[in-house]
Structures are given as structure tokens and as C-alpha cells.
Amino acid sequence: MKGDFMDKFLKGSGLSIVSSVAVVIAGMLLGFIVLFISNASQAPAAIVTILTFGFSSLRNFGDVLYFATPIIMTGLSVGFAYKTGLFNIGASGQFTFGAFVAVYIALNFEFLAPPLRIIAALAAAMLAGALWAAIPGLLKAYRNVHEVISCIMTNYIGMFLVNYLILTTIFDPMRASSQRVPPSTHIPIWGLDSIFTDAVRASPLNASIFVAIFSALLMYIILDRTTFGYELKACGLNKDAAKYAGINENRSIIFSMMISGALAGLGGGMHFLSGAGRTMSVADVLANEGFMGISVSLLGLNHPIGIIFSGVLIAYLQRGGFNIQPLGFAQEIIEIAIAVIIYFCAFVLLVRTQLGNVIAKTAAIFGNFIKFGADKSSKSAKSTKGKAV
Amino acid sequence: MFYFVVQNTMFFLIPLLVVALGGLFSERSGIVNIALEGKMLVGAFVGILFISTFQDRLPGQPILLIALIIAALTGMALSFFHAYAAINMKADQTISGVAINMFAPAFAIYVSRAVSGHQQVHFSDQFRLERVPHLGDIPLIGPMFFQNAYITTYLGFLILAISTFVLYKTRFGLRLRACGEHPHAADSVGVNVAKMRYAGVLISGALAGLGGVVLVVPTSTTFNATVSGYGFLALAVLIFGGWRPLHILFAAFFFGFMQAIAASYSGIDFLRNLEIPAHFYRMSPYIATLIVLAFTSKNTMAPKAAGQPYDKGGR
């Protein structure tokens with residue numbers, strides 16, 4: 001009985017979780033070593049901060065969830081594409097594009113009453129992300145352009161285009177960024193501020209975390225419980241076989257990219273309507289959330305539920321990293337650790353099989369030992385019998 | 001003005017050429033290399049850090065050469081990790097590339113902050129050749145290639161010549177290309193596929209690292225933990241160039257020219273009068289890439305085995 005349970009656990013999600021955790025620990029250990037090398041006297045305090053800051057108060061944990069929301073969305077975006085055989089490295093551009101459209105509508109569509117305006121802004125953000133992702137999708141489907149390279153290009157084009165659009169439409173010269181959206185278009189808080197708070201102030205956590213979780217569930221249902229999702233996955237596994245089975249493979253590629261882009265665009269929209277006074281800065285920098293999405297997705301093994309947890313975990317580490325700056329460390333240490341984590345994720349499959357082998361071997365040795373004992377006793381029983389005869 | 005644009009084109013062309021040739025060695029051996037950006041960045045960082053530290057103690061050109069060597073070695077060291085993941089661990093090559101690209105800026109910022117307290121590394125540009133003796137006086141060609149130039153320009157063309165020779169005229173090159181096209185065939189005649197692929201990735205790392213310094217020195221006097229997507233552009237140059245050295249030169253020229261226009265259009269009356277916003281010039285190389293790829297990718301010339309881990313037992 002117990003053995004059966006262990007077997008199932010090892011073959012199913014259990015081993016995946018174990019390997020992901022092992023990979024995270026390895027990455028963090030390396031980060032800690034770097035901290036020690038750069039300043040040994042402050043390193044212990046920094047490590048304690050990284051590990052405990054997110055849980056040190058409800059407000060801080062609320063901040064973790066707040067910062068987890070956009071990277072869960074981009075993580076879902078990357079994960080959805082990955083499940084259908086596409087590598088969406090363009091989540092950054094889709095995120096930015098969605099964000100711009102949402103902010104633009106929040107500022108300018110005054111003919112819509114605020115609750116409607118929020119919905120319109122977020123819907124438009126999804127559409128913008130989807131359309132931006134459709135470019136690599138179309139190029140892949142009809143012109144055989146590898147999506148990685150076209151996604152990289154659309155990232156840069158999106159960045160320059162959005163910068164230009166901000167400058168010409170919603171620019172605030174005083175702040176050198178986009179104008180602040182009016183408070184009435186902030187995503188509702190639903191009383192979360194009374195939970196995730198401390199004596200000083202409340203965390204800006206809002207309803208978008210629920211949207212993120214809902215999106216994850218929806219992605220799970222689409223991919224695992226519908227014919228449509230099955231077709232998308234089939235195309236990812238073997239395009240020719242899918243075509244032979246009567247699936248329109250070009251349509252599937254484009255839909256996959258568009259859904260993936262919609263998730264990233266929605267993430268961007270929600271992030272900039274989140275009421276923390278966030279504005280879009282005009283700088284030649286790609287949105288980091290898009291690249292974080294890759295880490296989140298890989299660490300979550302591209303599974304929607306895994307992505308929620310890995311998003312929270314990475315946001316947790318980032319909040320900790322942000323708060324080691326007073327100790328004289330650069331917060332980039334967390335990015336270094338995350339890069340190491342992704343590097344190990346690249347061969348997580350191998351780690352998993354080897355880890356599985358090790359466990360199986362130990363179990364086998366252990367099992368044999370018991371068996372051996374049993375054999376021995378039965379043999380001895382036989383021999384005594386023989387003697388008796 | 002014409003000369004100015006040509007000189008500017010060189011500043012962008014050469015790094016793209018060098019890094020794309022780096023990518024060529026890696027992909028021709030069968031390893032996809034989207035980590036070029038990261039390798040370039042770390043190479044540039046270490047090279048520029050060296051220049052900025054020793055600038056007042058060492059003379060002009062030699063320090064640049066030493067910086068280039070250091071950058072190449074750094075790029076090589078970083079690409080070792082890529083090679084290990086891709087060859088020994090048979091990992092997804094895109095993912096380990098992403099990891100390196102993520103590691104690079106974080107590493108540069110972290111180390112820079114730890115060393116000097118600032119994110120930027122400043123250096124002064126003492127490497128510009130105002131006018132190469134004799135050659136700079138040749139009409140037309142002189143002002144185009146031998147005035148307001150850097151030794152890196154000539155180094156770039158030298159690397160192109162050597163790469164072409166190595167890839168097409170030596171045993172090593174033939175074996176490397178075989179590993180990228182049909183590793184099993186290569187293996188069956190006694191070529192060590194893993195070794196060849198290591199060689200390809202390490203060479204690509206060296207050239208990418210070197211390319212980082214080649215990019216930053218003529219175009220800036222500060223290094224701010226970015227090579228602004230040039231590693232990715234070099235990848236596009238590689239694809240556009242159909243994985244062949246001479247074609248890569250033309251592709252690099254095309255992109256270099258686009259970048260030079262984007263950087264200096266305000267000095268050209270005709271373009272300034274069009275009143276197209278600066279952002280569109282800056283977008284143009286990337287848009288051009290997409291359009292070019294849309295027309296050239298249908299019959300891709302990519303090495304057949306690129307991106308696939310070599311499995312001896314596979315078929």
C-alpha cells in the first residue's frame with residue numbers, strides 16, 4: 001500500500017515538486033555564496049532578510065502577492081505557449097503593449113463609467129497583447145520564421161513604439177513618464193487592504209491576484225479538458241501528425257500565440273491599473289516582467305498551478321532581495337540566483353530522472369533487503385523442514 | 001556627411017559581424033545560441049572594466065588589445081556553461097541561453113556596484129585613429145575606411161577572413177560543419193561530436209565577448225550593463241546571412257547601415273526634413289529584420305541538426 005503511494009507520488013507531480021525545490025535551493029545557495037564573497041560580515045543578515053522578509057508581516061506578504069501577480073500572468077503566458085510547443089520570449093512586448101492600451105483607456109475614455117472603463121481597459125489590454133503576439137504567430141505559421149527571433153524583434157519594436165505612443169498621447173513631462181490614471185479606474189481592492197496591512201500602511205494588493213489565479217484555472221481547463229486545448233497541444237507535440245489527424249496546424253499556432261499574448265497583455269494592464277501610483281516610464285528598457293515570466297513558467301514546470309506557486313516564490317525572493325540594499329548589496333543578486341535556477345531548470349528533466357533513479361534504487365535496495373530477509377527466513381524454514389524429514 | 005555615415009556604419013557593422021560569426025561557429029556545430037547577447041554583455045563588461053581601471057597606467061592601443069583578449073576569454077568561460085548544459089546534459093538549448101542572458105546584466109550590475117558603488121563603468125575613448133598613416137590619404141577609400149576608425153574595424157575583417165578559411169578550408173571546419181548537419185554520420189567516421197560542439201560553442205563565446213568590447217568602445221564612453229539587443233540582432237544577421245560568412249558580411253552591412261541611419265539621421269537634411277519621429281528610426285532595424293526573415297525563412301538554410309542534443313543511440 002505504502003509502496004504504491006510512493007510510486008504514484010514519484011511518477012506524478014511529487015517528483016516534479018521535489019526537483020523544482022532542489023533547483024531553487026541550489027540557485028539560492030549559489031546566491032548566498034556570492035553574498036559571502038562580496039561582504040562576509042553583512043552576508044548572514046542579508047540571507048536572513050531574503051529568507052524571512054516576505055513573511056515578516058502581513059503587509060509584506062501582501063506586497064509579495066502584489067508583485068507576484070504580473071509575473072504569474074507572464075508566466076502563464078510563457079507556459080501556455082510552451083505547452084503548445086512554442087517558446088514565447090516576447091511576453092515582454094505583449095505586456096508593455098497591453099499596459100499602454102489599458103492606461104490609455106483609463107485616462108481617455110471618460111464617456112465610460114469607471115467600473116465599465118476598467119473592464120474595457122483590461123479587455124483591450126488582452127486584445128492588444130493578443131494582436132502583438134499574433135505577429136510572431138502569423139510569421140511562424142505562414143512564413144516559417146522561428147518564433148524566438150520574431151518575438152525578440154517584436155519586443156524591441158513594441159518598446160520603441162509604446163515609448164513613442166506614450167510621448168505623443170499620455171505623457172506627463174513633470175514625471176517623465178505616463179500620466180497617473182485616476183483613482184476611480186484603479187482595480188478594486190475588495191477589502192484586501194484591511195487584511196494585508198501593518199501599523200504604517202497597507203499593501204497595494206488588489207483583485208488582480210484573483211484574476212491571475214482564475215486565469216491559471218482557465219488555462220488548466222482549456223489545455224486539459226477541451227478538444228480545442230488538445231488540438232493546440234497536439235500541434236506542439238507533432239505538427240505533421242496533427243495535420244494528418246485533420247487539425248488546422250497554422251490556425252492552432254496563431255491561436256496559441258494569441259492566447260499567450262492575451263495573458264501577458266492582461267498582466268500588463270492589471271499591473272498599471274493597480275492603484276500603487278504606478279506609471280509607465282519612457283526608457284529604452286524591455287519590461288522585465290516578460291523575462292521573469294520565462295523563469296516562473298520553467299520553475300513551475302509549465303503547469304498552471306505550478307506557475308502560481310513559482311510566481312509567488314520568485315516574488316518572495318525579489319522582495320527579500322530588494323530589502324537587502326540597505327546592507328550594501330545590490331538586489332541583482334536575486335536575478336543572479338534566478339538565472340542559476342533557470343540554468344538548472346534547463347536540465348531539470350535530467351535531474352528528475354536521476355533523482356527518480358536514485359530514489360528508485362534506494363527503494364529497490366531497501367525492498368530487496370526486506371525480500372532477502374523474508375527469503376532467508378522461508379529458506380531456513382524449509383531447511384528445518386528438510387531436516388525434520 | 002557620406003563619409004560620416006560610412007564610418008558610423010562600421011561602428012555597428014563590425015560588432016554585428018564578429019558576434020554573428022561567433023554564432024555561426026556554434027550553430028554550424030549544432031548548438032543554437034541565443035545566449036550571444038549575454039556573452040557579449042559580460043565580455044563588454046569585463047573588457048571595459050579593465051580599460052577603465054588601467055587606462056591611466058598603460059598606453060593607448062595595447063590596452064585595447066588586452067581588453068579584447070580578456071573579453072574573449074570571459075565570453076569563452078561563460079559559454080562553457082552553455083556548452084555543458086547543451087552537450088553533456090542534453091538540455092534545452094534555448095532555456096540555458098535564456099539563463100545566460102538573464103545572468104549577464106545582473107552579474108555586470110552586481111559586480112560593478114560591489115567594485116565601485118556605481119552601475120555604470122566610465123572610460124575615455126583614446127583609441128580612435130584620426131587618420132591611418134598613408135592609407136588615410138587615399139581618395140574615397142581613405143576617408144571611408146582609414147579615417148576616424150578603430151583597430152577593431154580591421155580586426156573584424158581579419159576575423160571574417162580567418163573564419164571563412166577555417167570553416168571551409170580546414171579539416172576542423174569540415175568536421176564542425178558535419179556535426180551540425182549530420183552528427184551521426186560524423187560520429188560514424190570517428191569525429192568526436194561532443195568535442196567539436198564544445199569547440200564551436202567556445203569559439204562563439206570568445207567572438208561574442210570580443211564583439212561586446214568592439215561595440216562599446218567606438219559608440220560610447222560609459223558601459224551601463226547593456227549591449228542594447230545587439231546580440232539578438234547578430235542572431236538575426238546570422239539567420240539573414242543564411243549561416244554563410246560572406247552573406248553574413250552583407251547582412252551585417254545592411255543592419256549596420258540601418259543603425260547608422262538611426263543614429264545620425266538628424267544630421268542628414270533629407271531625412272530630417274521627412275520629420276519621421278526618432279523612435280521609428282530606432283525601430284527600423286528590428287522591423288527590417290522581421291520583413292527580411294518573412295521572405296527568407298521559407299527555405300531555411302539552418303544547419304539541420306542545430307538545436308538537437310546529440311544522442312548516440314538515436315537515429
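So that the names make sense, note that chain A is the first sequence line, chain B the second, and so on, each numbered from 1.
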Student: Using atom types as modelled and distance alone, determine if a side-chain donor or acceptor of A:Glu147 lies under 3.5 Å from a backbone N or O of A:Lys140.
Tutor: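 Between the backbone of A:Lys140 and the side chain of A:Glu147 there is no qualifying donor-acceptor contact (under 3.5 Å).
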Student: Against chain B, work out which of A:Leu298, A:Asn163, A:Asn288, A:Ile334 has the most heavy-atom pairs shorter than 4.5 Å and name it.
Tutor: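 Ranked by heavy-atom pairs under 4.5 Å with chain B, first place is A:Leu298.
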Student: Measure B:Thr289 against the heavy atoms of chain A and call it side chain, backbone, both or neither at under 4.5 Å.
Tutor: side chain
Student: Are side-chain heavy atoms of A:Leu161 and A:Trp132 found at a separation under 4.5 Å?
Tutor: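 Side chain of A:Leu161 against side chain of A:Trp132, heavy atoms only: contact under 4.5 Å found.
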Student: Is chain B contacted by the side chain of A:Val145, its backbone, both, or neither, given a heavy-atom distance below 4.5 Å?
Tutor: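 Both backbone and side chain.
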Student: Heavy-atom distances under 4.5 Å only: say whether A:Asp284 touches chain B with side chain, backbone, both or neither.
Tutor: side chain
Student: Give a yes or no on whether the backbone of B:Arg113 and the side-chain of B:Ser116 come within a donor-acceptor separation of less than 3.5 Å.
Tutor: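 Not at all, since once roles are kept as given, no pair shorter than 3.5 Å links the two residues.
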Student: Quick check on A:Val285 against chain B: is it the side chain, the backbone, both or neither that has a heavy atom closer than 4.5 Å?
Tutor: neither
Student: Taking side chain as everything from C-beta outward and backbone as N, CA, C, O, which of these in A:Phe87 sits under 4.5 Å from a heavy atom of chain B? Side chain, backbone, both or neither.
Tutor: side chain
Student: By a 4.5 Å heavy-atom criterion (distance strictly below it), what part of A:Leu139 contacts chain B: side chain, backbone, both, or neither?
Tutor: side chain
Student: Which bit of B:Phe280 is near chain A, if near means a heavy-atom gap under 4.5 Å: side chain, backbone, both or neither?
Tutor: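 Only the side chain of B:Phe280 comes within 4.5 Å of chain A.
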Student: Taking C-beta and beyond as the side chain, do B:Leu13 and B:Phe257 meet within less than 4.5 Å on heavy atoms?
Tutor: no
Student: Report which part of B:Ile34 has an atom under 4.5 Å of a heavy atom belonging to chain A: side chain, backbone, both, or neither.
Tutor: side chain
Student: May I ask you to list the residues in residues 316-333 of chain A that approach chain B closer than 4.5 angstrom, counting heavy atoms only, ordered by number?
Tutor: A:Phe329, A:Ala330, A:Glu332, A:Ile333
Student: What part of A:Thr168 gets closer than 4.5 Å to chain B, counting heavy atoms only: side chain, backbone, both or neither?
Tutor: neither
Student: Please identify, among A:Met153, A:Met292, A:His146, the residue contributing the most non-hydrogen atom pairs under 4.5 Å to chain B.
Tutor: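 Heavy-atom pairs under 4.5 Å are most numerous for A:Met153.
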Student: Keeping the roles fixed (side chain from A:Asn88, backbone from A:Tyr82), state whether a donor-acceptor pair exists under 3.5 Å.
Tutor: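 No, A:Asn88 side chain to A:Tyr82 backbone: no donor-acceptor pair under 3.5 Å.
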Student: Which one, A:Ile135, A:Ile152, A:Val340, leads in non-hydrogen pairs under 4.5 Å with chain B?
Tutor: A:Ile152
Student: Heavy-atom pairs under 4.5 Å with chain A: which of B:Val111, B:Leu290, B:Asp92, B:Thr94 has the most?
Tutor: B:Leu290
Student: Closest heavy-atom contact between A:Ser297 and A:Gly75?
Tutor: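 Closest approach of A:Ser297 to A:Gly75, heavy atoms only: CB-O, 3.4 Å.
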Student: For A:Asn39 and A:Leu35: C-alpha separation, side-chain torsions, deciding distance, then whether side-chain contact (heavy atoms from CB on, under 4.5 Å) applies.
Tutor: CA-CA 6 Å; A:Asn39 186 350; A:Leu35 287 180; over 6 Å; no
Student: Treating B:Ser204 as the side-chain partner and B:Gly23 as the backbone partner, does any N or O pair qualify as donor plus acceptor under 3.5 Å?
Tutor: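 Pair absent, no side-chain N/O of B:Ser204 close to backbone of B:Gly23.
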Student: Determine the minimum heavy-atom distance between A:Pro70 and A:Glu289, stating which atoms define it.
Tutor: CB-CG, 4.1 Å
Student: Return the option, out of B:Ile109, B:Ile95, B:Leu235, with the maximum number of heavy-atom pairs under 4.5 Å with chain A.
Tutor: B:Ile95
Student: B:Ser228 versus chain A, heavy atoms under 4.5 Å apart: side chain, backbone, both or neither?
Tutor: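 For B:Ser228, the backbone is the part near chain A, not the side chain.
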Student: Between B:Arg282 and chain A, with a heavy-atom cut-off of 4.5 Å, which part of the residue counts as in contact: side chain, backbone, both or neither?
Tutor: both
Student: Would A:Thr96 and A:Phe100 count as a side-chain contact (heavy atoms from CB on, under 4.5 Å) if you check the C-alpha gap in whole Å, the side-chain angles of each, and the deciding distance to 0.1 Å?
Tutor: CA-CA 6 Å; A:Thr96 312; A:Phe100 168 76; 5.8 Å; no
Student: Please flag which part of A:Ile157 lies under 4.5 Å from any non-hydrogen atom of chain B: side chain, backbone, both or neither.
Tutor: both
Student: Using every non-hydrogen atom in the two residues, find where A:Gly261 and A:Gln94 come nearest and quote the distance to one decimal.
Tutor: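 What the structure gives for the nearest pair is CA-OE1, 3.5 Å.
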Student: Restricting to non-hydrogen atoms, name the atom on A:Ser177 and the atom on A:Met280 that form the minimum distance, rounded to 0.1 Å.
Tutor: CB-O, 3.2 Å
Student: Quick one: do the B:Thr222 and B:His122 side chains pair a donor with an acceptor below 3.5 Å?
Tutor: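 Side-chain D/A pair, B:Thr222 to B:His122: absent.
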Student: Which word best sums up how the rings of B:Phe45 and B:Phe223 line up, parallel for under 30°, tilted for 30 to 60°, or perpendicular for over 60°?
Tutor: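 Geometry flag for B:Phe223 against B:Phe45: tilted rings.
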